[in-house]
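Quick caveat: nothing in here was measured; it's all calculated off a predicted structure.
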Amino acid sequence: GQLDEMNEPPADAAAQRANALDRARELLQPLLDALTEDDPDLPFALVAMADLEALSGNLEVSRDLYIRSLELLEDIEVYVKLGDVYLELGQHEEAREAFESALEIDGTFARAHLGLAHVFRAEGNIEQALVKYEDAFEHGRNLDYLDRYAIAAEALELDPNNISMRLNFANFLGNGNVFTAALREYNTILEQDEGVLDAHLGMGKVHISKLQFEEAIESLRSAEGLSDSVQQDIEIYELLRQAERGIAGPGQPMLESGQEVVYQLAILYLQDGRLVDSFNMLGELSGR
């Protein structure tokens, strides 16, 4: 009876998925048949059907539907979908053209850069693939966290020694408050090259966020000798000032080491022509 039906094992997931796609196709096909070539809804209906065919593994059918839609209405998202299908079909030149068409509409479209990275990677052009991964990551600030994470992870899988990509990834993790992972990435960078200023700065920022002020000061002091501009010195000393304030505690006077940091900041601001900021640092020293 009903109890026996409840105890039956669920239907195969793949079969369920196939049935759902078939039902969706049955619902959409009459709409497609009813639309004329000049109907403004036709390109969107074609894309919907193309999506269903792609999910069903009917890549050639999907490709042709995307192309037909684009002939009626250029759309950056559809160019990327078409590029992905071409790539799955192993048609690399056509995939490249589709992704480049998307970038002609918007040169900052992250998924188009990522598509080109996949094309170059499939062709064995690792150097160009890494460039496009970095472009995708740089322009992907509006992507979901996991999508952007995946871009960096793919790039670093391809080239674990890519310091530029790893630094971007570490900063991304730190800004997202994924502190343990960020510190791991910064440490990996410094194991490869102790002279990467931004890795020391990033570690300092993470330690400050974790209220680990002594560790922050250690990281930031390591950065001092790597600076090559007054502006970088100011960034280092502003972070040192934050860490020293953390050690002193809320409403408490700076320790001697903290006062020295503030004094150095006053000098640096003066060297940079920022007289008001320099004056404010001197006022902080005098308790004003």
Side-chain angles (χ1 to χ4, degrees), residues 14 51 54-55 57 59 62-63 76-77 79-103 106-207 209-210 219:
D51 291 345
L55 288 170
L59 297 180
S62 175
R63 174 199 60 200
I76 192 168
E77 297 271 1
Y79 273 122
V80 170
K81 290 179 177 184
L82 176 60
D84 287 338
V85 168
Y86 273 133
L87 192 57
E88 284 194 65
L89 288 168
Q91 297 174 313
H92 296 160
E93 186 59 38
E94 291 84 351
R96 182 185 293 105
E97 290 175 3
F99 294 129
E100 287 175 348
S101 294
L103 290 174
D106 181 356
T108 69
F109 198 62
R111 291 204 300 280
H113 286 291
L114 180 59
L116 285 174
H118 291 157
V119 171
F120 288 125
R121 185 170 186 170
E123 294 177 336
N125 189 338
I126 304 305
E127 184 177 345
Q128 280 298 106
L130 291 170
V131 169
K132 299 316 293 181
Y133 274 123
E134 291 207 41
D135 287 341
F137 191 86
E138 172 65 23
H139 295 302
R141 294 186 182 90
N142 294 327
L143 293 178
D144 290 340
Y145 175 87
L146 290 178
D147 288 339
R148 202 161 183 227
Y149 185 103
I151 292 171
E154 280 187 34
L156 291 172
E157 177 188 33
L158 192 60
D159 180 12
N161 297 321
N162 187 334
I163 287 179
S164 175
M165 187 73 248
R166 194 173 294 279
L167 182 60
N168 287 334
F169 188 39
N171 292 337
F172 165 70
L173 293 168
N175 292 334
N177 298 331
V178 188
F179 296 134
T180 300
L183 288 174
R184 181 181 65 243
E185 296 301 326
Y186 287 129
N187 275 314
T188 299
I189 292 167
L190 294 173
E191 286 171 4
Q192 295 179 48
D193 184 352
E194 292 183 357
V196 180
L197 171 65
D198 286 339
H200 291 287
L201 289 176
M203 289 188 75
K205 292 174 184 176
V206 168
H207 284 307
S209 296
K210 295 182 71 175
S219 294

J.: Indicate yes or no: does Asp84 engage Lys81 in a salt bridge with an N to O separation below 4.0 Å.
T.: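 Between Lys81 and Asp84 there is no salt bridge, as every charged N stays at least 4.0 Å from the carboxylate O atoms.
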J.: Looking only at side chains, do Asp106 and Thr108 share a donor and an acceptor under 3.5 Å apart?
T.: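 Yes, a side-chain donor-acceptor pair sits under 3.5 Å.
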J.: Between Leu116 and Val131, does a side chain to side chain contact (heavy atoms under 4.5 Å, CB included) hold up when you go through it step by step?
T.: CA-CA 10 Å; Leu116 285 174; Val131 169; over 6 Å; no
J.: Of the options Ile189, Thr188, Val196, which is the one that meets Gln192 in a side-chain contact (heavy atoms from CB on, under 4.5 Å)?
T.: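 Answer to the side-chain contact (heavy atoms from CB on, under 4.5 Å) test with Gln192 among Ile189, Thr188, Val196: Thr188.
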J.: Tell me the closest heavy-atom pair linking Leu59 and Ala54, and the distance in Å.
T.: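 The answer is CD2-O, 4.3 Å.
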J.: Please evaluate residues Leu103 and Phe99 with respect to the criterion side chain to side chain contact (heavy atoms under 4.5 Å, CB included), reporting the C-alpha separation (whole Å), side-chain torsions for both, the decisive distance (0.1 Å), and the verdict.
T.: CA-CA 6 Å; Leu103 290 174; Phe99 294 129; 5.6 Å; no
J.: Could you give the distance from CD (Glu154) to CG (Asp159), rounded to the nearest 0.5 Å?
T.: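 One finds 14.0 Å between CD of Glu154 and CG of Asp159.
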J.: Ignoring hydrogens, what is the shortest heavy-atom contact between Ala102 and Ala112? Give both atom names and the distance.
T.: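 That closest heavy-atom pairing would be CB-CB, 3.8 Å.
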J.: Kindly indicate whether the side chain of Leu114, heavy atoms from C-beta on, has any atom under 4.5 Å from the side chain of Asp135.
T.: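 Counting from C-beta outward, Leu114 and Asp135 never come under 4.5 Å.
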J.: Mind checking the CG-CG spacing from Leu201 to Leu167? Nearest 0.5 Å is all I need.
T.: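 Going from CG on Leu201 over to CG on Leu167, the span is 9.5 Å.
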J.: To the closest 0.5 Å, what do you measure between CG (Leu130) and CG (Asn162)?
T.: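 Going from CG on Leu130 over to CG on Asn162, the span is 5.5 Å.
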J.: Compare every heavy atom of Phe169 with every heavy atom of Ala152, then report the nearest pair and how far apart it is.
T.: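 Result for this residue pair: CB-CD1, 3.4 Å.
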J.: Is a side-chain donor-acceptor pair under 3.5 Å present for Glu134 with His113?
T.: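 Side-chain D/A pair, His113 to Glu134: absent.
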J.: Could you check Arg63 against Glu94 for salt bridge (Lys or Arg N to Asp or Glu O under 4.0 Å), going step by step and ending with a plain yes or no?
T.: CA-CA 11 Å; Arg63 174 199 60 200; Glu94 291 84 351; over 6 Å; no
J.: Looking at every heavy atom in both Gly204 and Ser219, which two are closest together, and how far apart are they?
T.: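 That would be N-CB, 3.9 Å.
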J.: What closest approach, in Å, do Ala95 and Val119 show between heavy atoms, and which atom pair accounts for it?
T.: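 Here Ala95 and Val119 meet closest at CB-CG2, 3.9 Å.
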J.: State, to 0.1 Å, how close Ala110 and Gly140 come at their nearest heavy-atom pair, and which atoms those are.
T.: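 Here Ala110 and Gly140 meet closest at CB-CA, 3.7 Å.
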J.: So does Leu146 get a backbone contact from the side chain of Asp144, meaning a donor-acceptor N/O pair under 3.5 Å?
T.: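 No, because the side chain of Asp144 does not come within donor-acceptor range (under 3.5 Å) of the backbone of Leu146.
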J.: Checking Leu183 against Lys210 for the side chain to side chain contact (heavy atoms under 4.5 Å, CB included) test, could you report, in this order, the C-alpha distance in whole Å, the side-chain angles of both residues, the deciding distance, and whether it holds?
T.: CA-CA 11 Å; Leu183 288 174; Lys210 295 182 71 175; 4.2 Å; yes
J.: Rounded to the nearest 0.5 Å, how far apart are CD1 of Ile151 and CE of Met165?
T.: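 Taking CD1 in Ile151 and CE in Met165, the distance rounds to 8.0 Å.
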J.: What I'd like to find out is whether the side chain of Lys205 reaches to under 4.5 Å of the side chain of Asn175, using heavy atoms alone.
T.: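 Contact flag for Lys205/Asn175 side chains = no.
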J.: Quick check: do Tyr149 and Val178 have side-chain heavy atoms less than 4.5 Å from each other?
T.: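 They are not in side-chain contact.
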J.: Roughly how far apart are Arg166 CZ and Asn161 CG, rounded to 0.5 Å?
T.: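 Going from the CZ atom of Arg166 to the CG atom of Asn161 covers 8.0 Å.
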J.: Any side-chain donor-acceptor pair under 3.5 Å between Asn168 and Tyr133?
T.: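 The answer is no; no qualifying pair exists.
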J.: Can His200 and Glu194 be said to form a side-chain hydrogen bond (donor to acceptor under 3.5 Å, both in side chains), step by step?
T.: CA-CA 9 Å; His200 291 287; Glu194 292 183 357; over 6 Å; no
J.: Could you check whether Tyr86 and Arg96, counting side-chain N and O atoms only, form a donor-acceptor pair closer than 3.5 Å?
T.: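 Their side chains do not contain a donor-acceptor pair, so the 3.5 Å distance test is not met.
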J.: Begin from the C-alpha positions of Glu138 and Lys132 and carry the test salt bridge (Lys or Arg N to Asp or Glu O under 4.0 Å) through to its verdict.
T.: CA-CA 10 Å; Glu138 172 65 23; Lys132 299 316 293 181; over 6 Å; no
J.: Around Asn142, counting heavy atoms of other residues, nucleotides and ligands shown, do more than 12 lie under 6.0 Å from its CG?
T.: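 Open.
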J.: I would like to know whether Glu77 and Phe109 meet side chain to side chain contact (heavy atoms under 4.5 Å, CB included); could you show each step before the answer?
T.: CA-CA 9 Å; Glu77 297 271 1; Phe109 198 62; 3.8 Å; yes
